[in-house]
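No experiment lies behind these values; they were computed from the predicted model shown.
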Amino acid sequence: MIDQVLTFLKDQLNSYLKLKTGVEGFDIVFIQERSSKEVTFPKEAISAFLINIEEDRTFRSGAMYERGREGVLSVNPTLQPHLYLNLYVLIVANFTDYIQSLKLLSLIISCFHHHRLFNHHNSPNLSPEIEKLTLELINLPFEDQRDIWSIVGNSYLPSVLYKVGMLAFEDLDSLEVGADIIKVDKFTAPL
């Protein structure tokens with residue numbers, strides 16, 4: 001599902017940038033390669049890079065409920081509550097022309113400023129597995145920026161960090177209490 005979120009955001013940005021710049025064939029790219037110590041950002045391109053995934057415990061209840069036939073909620077001890085995730089996506093503009101990098105980053109900020117919420121009402125092409133996505137611009141102190149670029153193994157490039165919220169994972173594969181996991185998808189676990 002994380003790949004669906006990143007692909008959706010990339011497609012939204014690509015459409016917006018084509019609309020605003022009139023340039024065809026310009027696409028935001030995902031980071032495809034990583035050496036052992038550094039991430040390589042393609043030149044003359046905008047790259048999207050997932051730098052962190054965190055659990056959002058704000059909406060996690062801890063109780064396991066299921067809705068019965070008459071709409072009554074009852075406790076189901078084998079059902080886990082939804083798992084809500086926040087994704088931190090770094091968008092980097094790596095252009096020789098520094099002004100072009102700044103212009104494109106400004107357009108990206110403008111896009112996500114006008115579209116802070118994506119749901120099925122305003123984005124019919126959003127995956128049915130995803131209820132909604134919220135976007136929040138993250139302001140990083142200089143020390144945190146230094147740490148991120150140090151971990152990535154690169155010098156600072158014009159970039160912006162967004163927190164993409166409310167990606168919910170539902171428990172569709174619960175086991176009864178005491179059951180052993182012996183098979184996951186196509187892989188068999190040792191007994």
With no hydrogens and no angle check, do the side chains of Tyr156 and Gln145 hold a donor and an acceptor under 3.5 Å apart?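 Their side chains do not contain a donor-acceptor pair, so the 3.5 Å distance test is not met.
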Whether the side chain of [X] engages the backbone of [Y] through a donor-acceptor N/O pair (distance < 3.5 Å, no angle test) should be reported.
| X | Y | result |
| --- | --- | --- |
| His113 | Ile109 | no |
| Asp144 | Asp147 | no |
| Ser106 | Leu102 | yes |
| Asn122 | Asn119 | yes |

With a 4.5 Å cut-off on side-chain heavy atoms, are [Y] and [X] touching?
| X | Y | answer |
| --- | --- | --- |
| Ile91 | Ile46 | yes |
| Gln12 | His115 | no |
| Ser123 | Phe8 | yes |
| Ser47 | Asn94 | no |
| Glu44 | Thr96 | yes |
| Tyr16 | Ile108 | no |
| Lys103 | Gln100 | no |

Distance (rounded to the nearest 0.5 Å) between [X] [atom1] and [Y] [atom2]:
| X | Y | atom1 | atom2 | value |
| --- | --- | --- | --- | --- |
| Leu50 | Ile53 | CG | CD1 | 5.0 Å |
| Cys111 | Leu107 | SG | CG | 9.0 Å |
| Leu13 | Lys20 | CG | NZ | 13.5 Å |
| Leu157 | Phe95 | CG | CZ | 11.0 Å |
| Glu131 | Leu126 | CD | CG | 10.0 Å |
| Arg146 | Ile151 | CZ | CD1 | 10.5 Å |

Can you name the closest pair of heavy atoms from [X] and [Y] and give their distance?
| X | Y | result |
| --- | --- | --- |
| Ala45 | Val29 | CB-CG2, 4.3 Å |
| Asn14 | Ile28 | OD1-N, 2.6 Å |
| His120 | Pro128 | CE1-CA, 3.7 Å |

Check the orientation of Trp149 and Phe41. Use parallel for under 30°, tilted for 30 to 60°, and perpendicular for over 60°.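 The arrangement is tilted - the two ring planes meet at 30° to 60°.
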Would you mind telling me which of Glu55, Glu136, Glu54 makes a side chain to side chain donor-acceptor pair (under 3.5 Å) with Asn86?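 Answer after filtering Glu55, Glu136, Glu54: Glu54.
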Set out, in order, the CA-CA distance, both residues' side-chain angles and the distance that settles side-chain contact (heavy atoms from CB on, under 4.5 Å) for Leu161 and Ile51, then state yes or no. CA-CA 9 Å; Leu161 179 64; Ile51 63 166; 3.5 Å; yes
Per the side chain to side chain contact (heavy atoms under 4.5 Å, CB included) rule, which among Leu137, Ile138, Leu140 passes with Val160?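 Among the candidates, only Leu137 passes.
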Single hit among Leu117, Leu9, Val89 for side chain to side chain contact (heavy atoms under 4.5 Å, CB included) with Leu135: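 For Leu135, the side chain to side chain contact (heavy atoms under 4.5 Å, CB included) check succeeds only for Leu9.
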Share the residues that join Leu19 in a hydrophobic cluster, the rule being Ile, Leu, Val, Met, Phe, Trp or Tyr side chains under 4.5 Å apart at the heavy-atom level.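 None; Leu19 is a cluster of one.
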Should Ile2 and Tyr162 be counted in the same cluster of Ile, Leu, Val, Met, Phe, Trp and Tyr side chains packed under 4.5 Å apart?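 Looking at the clustering, Tyr162 is in the same group as Ile2.
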